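One structure below.
Just the heavy atoms: all of them, side chains too, but no hydrogens, waters or symmetry mates, feed the values below. Remember, it's a predicted structure, so these values are computed and weren't measured experimentally. Each chain gets a letter, A, B and so on, in the order the sequences are listed, and its residues count up from 1.
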Amino acid sequence: MEFKEIITISLNAIKANKLRSVLTLLGIGVGVFSIIGVMTAVRVLQNSIESGLSNLGTHTFQIQKMPMMAGRDAWMQARKRKDITYAQAQTVAERLTTAEHVGIEGWNGGNTISLLSGEKTNPNVGVAGETPEGIPTNNWTIKEGRSITNNDLIHSYPVAIIARDIETKLFPRGGAVGSQIKINSQRYSVIGTFESKGASLGGSSDNFVAVPLTTFMEQFGKQRSLNIMVKAKGAEVYDECLEETRMILRTIRKVDPGAEDDFSVFSNDSLIGTFNEFTLYIKLGVGFISFISLLAAGVGIMNIMLVSVTERTKEIGIRKAIGARRSNILGQFITEAIVLCQIGGIVGILVGIVGGNLTALAFSVPPVFPLDWALLGFALCSVIGVVFGVYPAWKAANLDPIEALRYE
Amino acid sequence: MSPMIRLSNIKKMYQMGDEEVHALSGVDIEIQKNEYVAIMGPSGSGKSTLMNVIGCLDTPTSGLYELNGTNVSEMNDNQLAKIRNKEIGFVFQTFNLLARSNVLHNVELPLIYGGVGSADRKRQANGAIERVGLGDRAHHKPNELSGGQRQRVAIARALVTNPSILLADEPTGNLDSKTGEEIMGLFDILHSEGNTIILVTHEEDIAAHAHRIVRIRDGKVEHDEKVKNRKIARAHTTTTA
């Protein structure tokens with residue numbers, strides 16, 4: 001008996017009981033949907049974070065007081081650490097031998113940038129105080145004008161480089177370089193503009209202004225912890241460079257040998273690792289719950305198939321009388337269960353991918369198609385079909401043809 | 001010429017609670033190729049069990065059943081399924097068609113289980129449908145057909161594999177007498193074309209179409225005789241009426 005025939009017979013049986021089939025495959029669909037939906041969403045976030053992280057350049061790491069992602073306890077612990085001061089950061093920059101660039105920066109959020117004529121941005125602009133080397137270590141590129149120089153730094157000149165969001169808001173017709181702006185109430189000259197970095201998790205990466213670090217500290221205060229960004233001379237000295245930086249910092253911050261670092265180091269890799277660790281629990285939890293719901297759906301499939309076998313006893317008798325073997329009947333009913341599950345699975349996968357990608361829409365990052373999860377989901381519901389279809393099919397295959405023919 | 005069917009000392013017992021029921025207690029029958037035999041008997045006589053054994057739906061408890069020289073009394077389920085598929089064409093009282101499938105699919109079903117390819121299958125099935133005079137109904141569902149037409153579909157399905165025997169169990173039981181006569185006329189034609197036909201019935205009128213009547217009582221052959229005044233179906237000739 002050809003495979004095509006079995007499929008045709010199964011599809012006809014499924015079509016014959018449309019409502020029942022739809023309700024049954026809905027159960028499978030919901031289970032698969034929850035798996036695929038969450039996995040798609042997690043992948044979207046992952047992509048978003050990874051693209052956001054490329055803000056840090058290649059073989060670059062960053063050192064700051066607070067950890068990037070941590071639980072509440074770890075966070076409270078980290079708050080007790082001493083600030084990383086400008087002097088400490090400068091010492092690191094002086095002593096490091098394996099670094100190509102060492103950038104030092106401080107950040108202040110929630111600022112308003114305005115033109116002298118009164119035009120202003122929303123009060124949500126980040127201001128970065130940077131040393132000249134902070135620009136390349138942040139992987140920022142100057143589009144027009146010039147970058148921050150040592151001269152700017154030494155003299156604390158009120159100069160600023162503006163990113164795209166500020167430029168489009170305040171200078172829609174161009175001509176930003178050479179203009180005067182105000183950061184809150186202080187006046188700055190625009191010396192350059194940055195290329196766009198696009199969006200990443202949490203919104204736009206283009207909503208900031210960079211000024212010399214010394215100028216920044218005069219305006220926003222010196223009592224703050226700074227970030228140190230180190231770009232190693234190459235991939236081969238990256239680990240060495242990281243170790244050297246840690247040792248210098250531990251020495252000047254007088255960390256006891258054997259005690260933990262009183263600062264956090266992160267790179268693209270470590271951040272992705274932290275994120276993966278974080279999402280692993282989500283994945284495990286969702287996977288477990290979805291598995292249970294798939295089991296429940298499987299029991300539903302079995303139930304329906306048992307009803308179907310009883311209902312079609314006569315049909316089974318007829319088929320046997322005209323020459324169907326046990327294996328033909330077994331194949332017919334298992335295939336029916338599998339096809340039912342697979343249709344449900346496909347629906348779940350499609351809706352799940354669409355649903356999961358709504359997060360992509362929300363974070364304005366490109367949508368993803370998690371092929372591996374889709375295939376896994378499809379395989380999983382096929383397995384469910386086999387597991388829960390076997391018993392009803394076995395029951396059908398073993399019906400006595402005489403009894404079955406007599407069944408009304 | 002060796003007989004097409006040879007039953008020797010066929011016994012069939014059932015366990016009903018503590019009691020053993022002897023449905024067949026030693027049946028000996030030989031049926032030649034192209035015979036037209038009616039098996040008759042009151043209900044409970046064992047004629048249904050006998051038909052199930054002949055149709056390979058059931059295996060005897062003891063005794064020898066040879067079909068075309070092959071011993072089928074000791075075959076397993078799969079072998080029996082193959083015999084049912086290739087050697088036996090069933091026609092049931094209640095037609096037993098698949099209600100959701102059209103005439104063509106019903107008729108080609110035995111060929112599907114027989115592993116016949118799609119093109120051959122369609123050709124053979126359409127041929128069988130033509131033979132029973134339903135060429136214009138191939139794509140109708142059973143519930144769009146009259147009782148007589150449904151039984152014709154069942155006969156087409158039984159014929160489509162060119163079986164050794166056509167086994168009809170009360171084929172006119174669910175039909176009015178006029179339609180019943182038409183169906184019997186069809187059997188007469190099929191017999192005249194060389195088919196071997198075994199008819200299970202309790203109606204003398206219907207049995208009278210056969211050439212030979214085997215009467216069963218209490219699980220044994222009570223009587224086995226040639227029919228003297230064979231009835232010819234009205235649909236088959238124009239002289240009677």
Open item on the list: For B/K82, is the NZ atom crowded, meaning more than 12 foreign heavy atoms sit under 6.0 Å from it?
Closed with: no
- [ ] Can you establish whether the number of heavy atoms outside B/K11 located under 6.0 Å from its atom NZ is more than 12?
- [x] no
- [ ] Report the C-alpha distance between B/L57 and A/L405 in whole Å, list the side-chain angles of each, state the deciding distance to 0.1 Å, and finish with yes or no for side-chain contact (heavy atoms from CB on, under 4.5 Å).
- [x] CA-CA 10 Å; B/L57 285 167; A/L405 274 172; 4.1 Å; yes
Task: Any side-chain heavy-atom pair of B/T94 and A/K314 under 4.5 Å - done: yes
- [ ] Tell me, yes or no, whether the heavy-atom count around B/D218 atom CG, taken from other residues, nucleotides or ligands under 6.0 Å, exceeds 12.
- [x] no
TODO: Taking all heavy atoms of B/R100 and all of A/A16, pick out the closest pair and write down the distance.
DONE: CD-CB, 3.1 Å
Open item on the list: Can you tell me how far apart CD (A/E5) and OG (B/S118) are? Round to the nearest 0.5 Å.
Closed with: 6.5 Å
- [ ] Output the distance between atom CZ (A/R325) and atom OH (B/Y113), rounded to the nearest 0.5 Å.
- [x] 12.0 Å
- [ ] Can you tell which part of B/D77 gets under 4.5 Å to a heavy atom of chain A, answering side chain, backbone, both or neither?
- [x] side chain
Task: Non-hydrogen atoms of A/E315 and B/L98 that approach each other most closely - done: CG-CD2, 3.4 Å
Task: Between CD1 on residue A/I318 and CZ on residue B/F92, distance to nearest 0.5 Å - done: 7.5 Å
- [ ] State the CD1-CZ distance between A/I322 and B/R157, to the nearest 0.5 angstrom.
- [x] 5.0 Å
Open item on the list: If I measure from the heavy atoms of chain A, does B/I88 come under 4.5 Å with its side chain, its backbone, both, or neither?
Closed with: neither
- [ ] Considering only heavy atoms and a distance below 4.5 Å, find which of B/S48, B/A81, B/G55 pairs most often with chain A.
- [x] B/A81
Task: Enclosure of B/Q15 CD (heavy-atom neighbours >12, cutoff 6.0 Å) - done: yes
Open item on the list: Are more than 12 heavy atoms, taken from residues, nucleotides or ligands other than B/E193, located less than 6.0 Å from that residue's CD atom?
Closed with: yes
Open item on the list: Can you confirm whether more than 12 heavy atoms, excluding those of B/R217, are under 6.0 Å from its CZ atom?
Closed with: no
TODO: Could you look at A/K320 and say if it's the side chain, the backbone, both or neither that has a heavy atom under 4.5 Å from chain B?
DONE: both
- [ ] To the nearest 0.5 angstrom, please state how far the CD1 atom of B/I112 sits from the CZ atom of A/R319.
- [x] 8.0 Å
Task: Portion of B/D58 that has a non-hydrogen atom of chain A nearer than 4.5 angstrom - done: both
TODO: Any chance you could measure A/T8, atom OG1, to B/H105, atom NE2, to the nearest 0.5 Å?
DONE: 8.0 Å
